[in-house]
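What follows is a set of notes on a single structure, which appears directly below.
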Amino acid sequence: MPAYQSPALNVMVAAARKAARPLSRDFNELENLQISMKGPADFVTSADKRTESILIEELSRTRPGYGFLGEEGGAVEGKDKTHRFIIDPIDGTTNFMHGIPQFAISIALEREGQLVSGVIYNPITDELFTAEKGHGAYYNNKRLRVAARKELGSAVIATGLPFMGKAGHARAGAEMAAVMNVTAGIRRFGAASLDLAYVAAGRFDGFWERGLSAWDIAAGVVLVREAGGVVTDLNGGTEMLANGTVLTANENLHPQLLKLLKGVNASAKVEAANEP
Ligand code: IPD
């Protein structure tokens, strides 16, 4: 446990652990469903919904009146207009559906419009990432610090890619080409919350993605900031939750990556695509 953990963070961790138990059982059952022709999509949708309702029930029990923004339920205003939980019941749904143990429950707490706490929990690997504004970021008991590498040439950078039906394929290809040309490698793990947590943990040196939702990003933003990293949107501003773009790295690599990615987007070819 971190040196200090607020009552609110305790509640968030307890909710994540409670929702994780049936979710882990579902994940194990999926192995049997993989072989059916129809595939496990319906099963996953119900796991998603049930996980979100357990989270809401648990969080509301001790924090009645707080608002919610959730992947399944959308925005629900609470009586308390100053607090809101932002939750993703399964970040990395495609991984979950394919039996890949890289997904997480992600919960952030916003106070007066500021992200103040974050919990990201992978129920299969039992990896718990927590952070609170002003009190550091932790992986289980261990204090986290972003990686110290200063050169892109030795950096491993994660990203997320649009899939069928999503915009931005040409732009993603151009951005990847630019980044792979100057780094030690790119990774695409498929759960943005864990990508952000891995940057906080110094496993990845950086991460960028477009087309995300607020619940994919919110908890990870607190993690990275508290681990000493820089996190912005892809314009270099702080509208990550509003515009769904994110770029994070340490203070040396972040400006280099931002310049590189802005350079890609200034090129006529990608500009013409005018994609988000
Ligand atoms: C997805 C994951 C993935 C990212 C997608 C997201 P979801 O979240 O974070 O890594 O590439 O853009 O939608 O839908 O599984 O909660």
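Atoms within a ligand are numbered from 1 in the order they appear, just like the ligands themselves. Source: prediction; values computed, not measured.
- Residue-to-ligand polar distances keep G211 apart from ligand 1: every N/O pair is separated by 3.5 Å or more.
- By the criterion of a heavy-atom distance under 4.0 Å, neither the backbone nor the side chain of T94 is placed next to ligand 1.
- Contacts of K166 with ligand 1, taken as heavy-atom pairs under 4.0 Å, involve the side chain alone.
- For atom 8 (O) of ligand 1, the candidate residues are N95, D91, I217, L196; the nearest heavy-atom contact is made by D91.
- A donor-acceptor pair shorter than 3.5 Å cannot be found between the side chains of T45 and D48.
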Could you walk me through whether N122 and L194 pass the side chain to side chain contact (heavy atoms under 4.5 Å, CB included) check? CA-CA 8 Å; N122 180 336; L194 288 171; 4.1 Å; yes
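- Of the protein's heavy atoms, E209 OE2, 3.1 Å lies nearest to atom 4 (C) of ligand 1.
- If you check which protein heavy atom lies closest to atom 14 (O) of ligand 1, you get E71 OE2, 3.5 Å.
- Ring geometry for F129 versus Y198: interplanar angle of 30 to 60°, hence tilted.
- Between R225 and E132, no side-chain nitrogen of the basic residue sits less than 4.0 Å from a carboxylate oxygen of the acidic one, so the salt-bridge criterion is not met.
- The nearest heavy-atom contact from the protein to atom 16 (O) of ligand 1 is D88 OD2, 3.0 Å.
- Each of the atoms 15 (O), 16 (O) of ligand 1 lies under 4.0 Å from some heavy atom of I90.
- More than 12 heavy-atom neighbours from other residues, nucleotides or ligands sit within 6.0 angstrom of NZ on K81.
- At a threshold of 4.0 Å, the pair R17-D126 counts as salt-bridged, since one of the basic side-chain nitrogens sits closer than that to a carboxylate oxygen.
- Here R61 pairs with E58 in a salt bridge; the nearest charged N to carboxylate O distance falls below 4.0 Å.
- Among the atoms of A192, some N or O lies under 3.5 angstrom from an N or O of ligand 1.
- With hydrogens and angles ignored, the 3.5 Å screen pairs a side-chain donor or acceptor of N250 with a backbone N or O of R149.
- Regarding atom 10 (O) of ligand 1, its nearest protein heavy-atom neighbour is G190 C, 2.9 Å.
- Contact annotation: D195 has no heavy atom less than 4.0 Å from any atom of ligand 1.
- For a threshold of 3.5 Å applied to N or O pairs, the pair formed by G92 and ligand 1 contains at least one separation below that value.
- Of the protein's non-hydrogen atoms, the one nearest atom 6 (C) of ligand 1 is D216 OD2, 4.0 Å.
- By the 4.0 Å N-to-carboxylate-O rule, E175 lies close enough to R210 to be salt-bridged with it.
- Inclusion of L161 in the set of residues having an N or O under 3.5 Å from an N or O of ligand 1 is not warranted.
- When atom types are taken as modelled, the side chain of Q256 and the backbone of K150 share a donor-acceptor pair closer than 3.5 angstrom.
- For ligand 1, the polar-atom distance check against R188 finds a nitrogen or oxygen pair separated by under 3.5 Å.
- Atom numbering of ligand 1 starts at 1 in the shown order; those under 4.0 Å from a heavy atom of T93 are 7 (P), 14 (O), 15 (O), 16 (O).
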